[in-house]
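Before any comments, here is the structure.
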Protein chains: 2
Amino acid sequence: MTAIKESSTIQENKQYALEKCPVTFVMEKIGGYWKPIILYQLSTGHKRYSELKRAIPAVTEKMLIQHLKQLEADGLVIREAKPVVPPFVTYRLSKAGEGLIPVIEAVASWAFKMKDGVFDVESLE
Amino acid sequence: MTAIKESSTIQENKQYALEKCPVTFVMEKIGGYWKPIILYQLSTGHKRYSELKRAIPAVTEKMLIQHLKQLEADGLVIREAKPVVPPFVTYRLSKAGEGLIPVIEAVASWAFKMKDGVFDVESLE
DNA sequence: ACAAGTACTTACCCTAAAGTATGTATTATG
DNA sequence: CATAATACATACTTTAGGGTAAGTACTTGT
């Protein structure tokens with residue numbers, strides 16, 4: 001995890017937004033490119049690390065654990081490791097993470113409506 | 001708008017994910033730091049450009065119009081300009097943009113639950 | 001005559017996020 | 001004895017997004 005220059009403007013902005021805007025607060029937690037995808041994968045149940053890798057072929061291993069670790073640190077996913085060799089590690093949503101399922105569903109539902117052209121029926125309003 | 005190197009890996013990844021993952025599709029549209037905030041502001045009704053500026057003090061003008069233009073190009077917001085001086089320009093959600101309100105509400109609702117500690121009641125599951 | 005307000009535009013810079021590549025420990029199996 | 005499989009770690013590089021600063025056009029107010 002890279003160090004954060006405390007005086008950078010974007011960090012000040014983030015600080016501001018965190019307090020003022022709930023949407024931004026959430027983006028701090030699940031923003032970034034891969035986190036929503038990972039959460040989406042976990043929303044259907046627990047998965048092994050290697051299963052996640054296969055489920056999201058485009059993600060690099062670095063990105064995958066990096067975000068899993070962050071999601072764990074934020075209390076959104078729970079990591080469970082069996083002390084065996086080869087390692088057996090599963091990830092699943094915590095209660096807080098499960099609270100995001102409605103968000104993910106709302107997002108997915110909108111995406112499907114967009115693809116089905118539900119919104120473009122009447123001109124381009 | 002900066003040019004996009006067409007052979008960069010991240011763009012290929014985005015291409016992949018766009019087809020496979022609805023969540024990612026949405027992130028392409030409303031991802032980035034400011035877009036959700038702007039949409040959140042517009043979810044309560046139309047606003048002038050200058051009103052948006054005041055409503056989101058931390059945003060720079062460059063970011064604000066840049067994202068407004070993108071949202072407009074993506075058909076999520078509608079720009080209306082009165083041919084007067086000084087200019088009078090308002091932005092509002094399109095039908096597709098309004099379709100995002102449930103998403104924004106789900107996000108906001110989760111944020112408030114997080115702040116109220118709804119999810120940490122029983123240990124740290 | 002000059003500042004102020006509105007809605008932008010543009011050139012340049014900086015940083016955080018993402019990507020590349022390689023390495024680690026442990027055990028089973030051929 | 002070397003390879004495979006799993007779940008990571010880490011050094012180094014690239015890039016896309018965001019930030020800074022300044023300018024434009026047009027009119028009203030002082």
Side-chain angles (χ1 to χ4, degrees), chain A residues 1-17 24 27-38 46-72 77 79-91, chain B residues 1-17 24 27-28 30-38 47-72 77 79-91:
Chain A
M1 239 169 271
T2 39
I4 289 174
K5 254 200 177 174
E6 57 216 285
S7 63
S8 79
T9 314
I10 194 172
Q11 290 306 321
E12 283 166 31
N13 283 352
K14 286 192 179 181
Q15 193 51 41
Y16 154 79
T24 301
M27 289 302 151
E28 291 299 309
K29 300 279 181 183
I30 63 166
Y33 194 76
W34 297 106
K35 278 185 195 167
I37 304 176
I38 294 170
H46 63 94
K47 279 203 173 67
R48 288 186 70 175
Y49 174 81
S50 51
E51 285 181 299
L52 282 170
K53 242 175 57 180
R54 274 188 293 275
I56 317 170
V59 78
T60 63
E61 290 203 67
K62 185 199 163 197
M63 285 296 102
L64 186 52
I65 14 135
Q66 193 175 97
H67 288 124
L68 282 170
K69 295 287 166 192
Q70 269 180 51
L71 289 169
E72 196 195 354
V77 310
R79 191 189 100 112
E80 275 156 342
K82 289 183 188 168
V84 294
V85 164
F88 191 95
V89 178
T90 55
Y91 291 91
Chain B
M1 244 170 270
T2 39
I4 289 174
K5 256 201 176 173
E6 58 217 285
S7 64
S8 79
T9 315
I10 194 172
Q11 290 308 318
E12 283 165 31
N13 284 352
K14 286 191 178 182
Q15 195 49 41
Y16 155 79
T24 302
M27 288 302 150
E28 291 298 310
I30 63 166
Y33 194 76
W34 298 107
K35 277 184 195 168
I37 304 176
I38 295 170
K47 280 202 172 69
R48 288 186 69 173
Y49 174 81
S50 50
E51 285 180 301
L52 283 170
K53 242 176 57 180
R54 273 189 293 275
I56 317 170
V59 78
T60 63
E61 291 203 66
K62 183 199 163 196
M63 286 295 104
L64 187 53
I65 13 135
Q66 194 175 96
H67 289 124
L68 282 170
K69 295 287 167 194
Q70 270 180 49
L71 290 168
E72 196 194 355
V77 311
R79 193 189 97 112
E80 276 157 340
K82 290 182 188 168
V84 294
V85 163
F88 191 94
V89 178
T90 56
Y91 291 90

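What's counted below: heavy atoms across the whole structure, side chains too, no hydrogens, waters or symmetry copies. Numbers restart at 1 for each chain; the letters A, B, ... are given by sequence-line order, proteins then strands. Quantities reported herein were computed from a predicted structural model and do not represent experimental measurements.
Here D/dA21 presents its C1' atom at 14 Å from CD1 of B/Ile65, a figure rounded to the nearest Å. Counting to the nearest Å, the C1' atom of D/dA7 and the CD atom of A/Glu72 are 13 Å from each other. In this structure, the OH atom of B/Tyr33 is 15 Å from the C1' atom of C/dA17, given to the nearest Å. Rounded to an integer number of Å, the gap from CE of B/Met27 to C1' of D/dA16 is 18 Å. Computed from coordinates, the B/Leu68 CG to C/dT6 P distance equals 16 Å when rounded to whole Å. Atom CD of A/Glu61 is separated from atom C1' of D/dA5 by 12 Å (rounded to the nearest Å). As a whole-Å value, the separation of A/Gln66 CD from C/dA18 P is 7 Å. When rounded to the nearest whole Å, the span between NZ of A/Lys82 and P of D/dC8 equals 14 Å.
The side chain of B/His67 lies closest to D/dG18 when the candidates are D/dC8, D/dG18, C/dT6. Out of C/dG19, D/dA7, C/dA7, the shortest distance to the side chain of A/Tyr49 is found at D/dA7. When the nucleotides D/dC8, C/dA7, C/dG19 are ranked by their closest atom to the side chain of B/Arg48, C/dA7 comes out on top. Closest approach to the B/Thr60 side chain among C/dC8, D/dC8, D/dT20 is made by D/dT20 (side chain taken as heavy atoms from C-beta onward). Residue A/Lys69 places its side chain closer to D/dA9 than to any other of D/dA7, D/dA9, D/dC26. The side chain of B/Pro86 approaches C/dT6 more closely than any other nucleotide in the set D/dC8, C/dA18, C/dT6.
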Assess whether side-chain contact (heavy atoms from CB on, under 4.5 Å) is satisfied between A/Leu64 and A/Lys53, documenting all intermediate values.
CA-CA 8 Å; A/Leu64 186 52; A/Lys53 242 175 57 180; 3.7 Å; yes
A/Tyr49 and A/Glu61: side-chain hydrogen bond (donor to acceptor under 3.5 Å, both in side chains), yes or no, with the steps?
CA-CA 10 Å; A/Tyr49 174 81; A/Glu61 290 203 67; 2.9 Å; yes
Between A/Tyr33 and B/Met27, is a side-chain contact (heavy atoms from CB on, under 4.5 Å) present by the stated rule, with each step listed?
CA-CA 8 Å; A/Tyr33 194 76; B/Met27 288 302 150; 5.8 Å; no
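Pairing each heavy atom of B/Pro36 with each of B/Gly32, the nearest pair is CD-O, 3.4 Å. In this structure, B/Lys35 and B/Ile30 approach most closely via the heavy-atom pair CB-O, 3.7 Å.
Each of B/Met63 and A/Val85 was assigned the nucleotide of DNA chain D with the nearest heavy atom; the assignment lying further toward the 5' end belongs to A/Val85.
Among the protein residues, A/Lys62 comes within range of the nucleic acid bases, having at least one heavy atom under 4.0 Å from a base atom.
The phosphate of D/dC8 has OP1 or OP2 within less than 4.0 Å of a side-chain N or O from A/Arg79.
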